[in-house]
Amino acid sequence: MSDLDQRGQRIAKLAQLRAAGVDPYPPRCQRSHTAAEALAAFEQAAEGQEVRVCVAGRLISQRLMGKTTFAHLADGSGRIQVMARQDLIGEAAYQAFKELDLADFINVNGKLFRTRTGEVTVLVDSFQLLAKALRPLPEKWHGLRDTETRYRQRYLDLIANEEVRHIFLTRTRIISAIRRFLDARGFIEVETPILQPLYGGAAAQPFTTHHNALDQTLYLRIADELYLKRLIIGGFERVYEIGHNFRNEGISTRHNPEFTAIELYQAYADYNDIMALLEELYAEVAQEVLGSSVLQYQGQLIDLTPPWRRISMRQAILDASGIDILEADTYDKLAAATQAHGLNLGKPANWGKLVEKLFEETVEPSLVQPTYITEFPLDISPLAKKTPADPMFVERFEFFIAGMECGNAFTELNDPLDQRERFQATQQDFKSGEDEAHPLDEDFIIAMEHGMPPTGGLGWGIDRMVMLFTDQASIREVILFPQLRSRD
RNA sequence: GAGCCGUUAGCUCAGUCGGUAGAGCACCUGCCUUUUAAGCAGGGCGUCGUGGGUUCGAGUCCCACACGGCUCACCA
């Protein structure tokens with residue numbers, strides 16, 4: 001029987017119900033208990049005390065046994081069994097109960113009892129159809145496996161696969177734990193523009209759109225950074241934003257074009273303060289959400305307990321490859337050194353990018369336990385403050401967990417003249433390469449010229465954090481509706 | 001963007017060497033008053049992703065395309 005046939009049968013049933021005066025989509029329903037509350041109420045009741053409930057939910061299984069029918073209802077709290085008996089509700093009501101279809105929403109009034117096999121069950125006194133379903137549910141014990149259907153019709157995935165539901169509940173709990181952590185430390189959550197006349201704060205391809213009334217090109221933000229710093233300049237000392245960034249780039253198990261990022265800025269702090277804050281946050285969120293600061297990711301045990309390992313990029317590369325970037329301190333010297341080690345790193349635009357490639361190739365995959373990589377090359381860090389000791393480097397770190405780049409932070413550059421030069425330098429770099437020029441944000445520099453306090457800033461991807469906390473290998477498993485190609 | 005793999009009933013899957021397309025669940029009919037993957041008896045599921053080609057004959061072989069997955073590329 002085709003899908004249309006099953007759907008056709010249900011539409012026919014719907015017409016019969018309407019003809020019999022039953023509203024298959026009544027506007028309101030009664031409910032006294034969720035499934036979980038009903039079960040708890042029964043357990044708490046004194047022996048022999050009658051517990052009457054009205055529960056509501058989706059019909060997910062049905063066992064018709066002649067004049068008795070068992071079924072399970074699922075609601076947001078879990079599931080509960082109900083039992084209908086013809087001798088208790090009469091032939092007409094019993095017939096109507098049997099004619100319910102899997103996936104229909106109903107509510108049920110009755111008293112709770114324990115069956116012979118021990119399951120707490122609602123003995124049906126009366127029931128009401130709340131919403132007729134016209135299509136069947138996925139198969140009941142294999143669930144829904146087809147990846148494409150799971151992503152395109154996530155509601156079916158959530159209905160059929162309990163562990164998927166759990167992942168997204170965990171995601172929500174992680175995000176609210178982050179908010180609690182930051183709010184408790186005096187951070188305020190703010191909202192900055194998603195539609196921006198100029199994009200910045202990261203080196204990424206933007207999505208471009210157009211505002212009709214203004215007749216103006218707008219970009220979907222690639223980062224929050226430049227707006228949040230304007231707020232630091234404006235006198236908010238601790239701000240954060242959780243929201244979507246949009247990057248017009250490839251899709252992979254670690255990249256979705258639209259992803260959730262958090263950025264935070266703290267005035268009168270530097271990147272050392274940020275490291276202390278971040279490791280404390282991860283450990284506390286893990287403790288709160290997972291009950292432990294040690295977690296398992298793809299077969300590896302990860303210990304988030306502070307303090308995390310800190311190592312400079314120079315030292316990490318030296319340890320892994322024997323190449324000292326302080327000696328190979330020009331593009332040509334470093335290119336020669338990497339070739340001598342048999343590494344093919346392509347032709348990046350400058351020394352800093354070559355350092356980064358070398359790092360990604362030789363160090364990154366080995367960073368399983370949480371690690372801060374500090375002191376990045378200046379020419380790939382146009383928004384970070386130079387290290388006092390060596391102006392080729394900046395006070396910046398990225399942190400890595402399970403071989404994955406998880407986030408990025410620095411002591412923020414607050415020297416407006418230096419900032420202008422940095423923007424101009426990156427534009428030079430991009431002009432020589434194929435990448436689009438990075439726009440100089442004059443308005444941002446003007447803001448900084450009004451004075452910006454010393455500030456530490458940080459950003460990380462929430463999706464990758466959720467992957468880590470829920471042991472998922474693909475970012476699509478932690479985004480409710482991941483980007484897929486449209487079907488014709 | 002490239003390579004590899006996948007796409008068969010509403011769902012989960014099998015389909016041998018190219019020879020009339022299968023199972024379980026779901027669905028329909030009947031029986032069944034404590035089942036829970038209920039059970040028993042019976043029923044029919046279908047554009048084998050799409051379009052071409054080879055062949056007497058294609059789910060199966062070939063080509064192209066679509067969508068998905070993985071890997072790579074891209075990615076501060």
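Letters A, B, ... are given to chains in the order of the sequence lines, protein chains preceding strands, and every chain is numbered from 1. Side chains are part of it too, since the values below use all heavy atoms of this structure and drop only hydrogens, waters and symmetry mates.
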Inset, instruction - Please determine, for B/C48, whether a Watson-Crick or G-U wobble partner exists with both distances under 3.5 Å, and give it or none. - result: none
Inset, instruction - In whole angstrom, give me the gap between the P atoms of B/C48 and B/A41. - result: 32 Å
Check nucleotides 68-71 of chain B for protein N or O atoms closer than 3.5 Å to its own N or O atoms and list the pairs.
from	atom 1	to	atom 2	distance (Å)
B/G68	OP1	A/R485	N	2.6
B/G68	O4'	A/E148	OE1	3.0
B/G69	OP1	A/R476	NE	3.3
B/G69	OP1	A/R476	NH1	3.4
B/C70	OP2	A/R476	NH1	2.6

Name the pairs: protein N/O against N/O of nucleotides 22-24 of chain B, kept only if under 3.5 Å.
from	atom 1	to	atom 2	distance (Å)
B/G24	N2	A/E139	OE2	3.3

Legend entry - A/Q9, nearest nucleotide to its side chain (from B/U35, B/C28, B/A26): B/C28
Inset, instruction - Tell me which of A/K67 and A/G118 sits closer to the 5' end of RNA chain B, going by the nucleotide each one is nearest to. - result: A/K67
Inset, instruction - Could you check whether A/G352 gets within reach of a base, just the sugar-phosphate, or nothing at all, counting any heavy atom under 4.0 Å? - result: nothing
Legend entry - Separation between the P atoms of B/A21 and B/G44, rounded to whole Å: 15 Å
Legend entry - Within residues 83-105 of chain A: residues closer than 4.0 Å to RNA chain B (heavy atoms): A/R85, A/D87, A/L102
Inset, instruction - Report yes or no: is the cationic atom of A/R230 (NZ for Lys, CZ for Arg) under 6.0 Å from the centre of the six-membered ring of A/Y227, at an angle within 45° of the ring normal? - result: yes
Inset, instruction - Determine the contact category for A/E405: base if any of its heavy atoms lies under 4.0 Å from a base atom, sugar-phosphate if only primed atoms, P, OP1 or OP2 are that close, otherwise nothing. - result: sugar-phosphate
Inset, instruction - Using a heavy-atom cut-off of under 4.0 Å over every strand shown, decide if A/R247 touches base, sugar-phosphate, or nothing. - result: nothing
Legend entry - B/G6: pairing nucleotide in any strand, Watson-Crick or G-U under 3.5 angstrom: B/C67
Inset, instruction - Answer yes or no on whether A/R154 is positioned over the face of A/F481, meaning its NZ or CZ is under 6.0 Å from the six-membered ring centre and within 45° of the axis. - result: no
Inset, instruction - Could you tell me whether A/F113 contacts a base, only the sugar-phosphate backbone, or nothing, with contacts defined as non-hydrogen atoms closer than 4.0 Å? - result: base
Legend entry - Parallel, tilted or perpendicular: rings of A/Y219 and A/Y199 (30°, 60°): perpendicular
Inset, instruction - By nearest nucleotide on RNA chain B, pick out whichever of A/E398 and A/R10 is the more 5' one. - result: A/R10
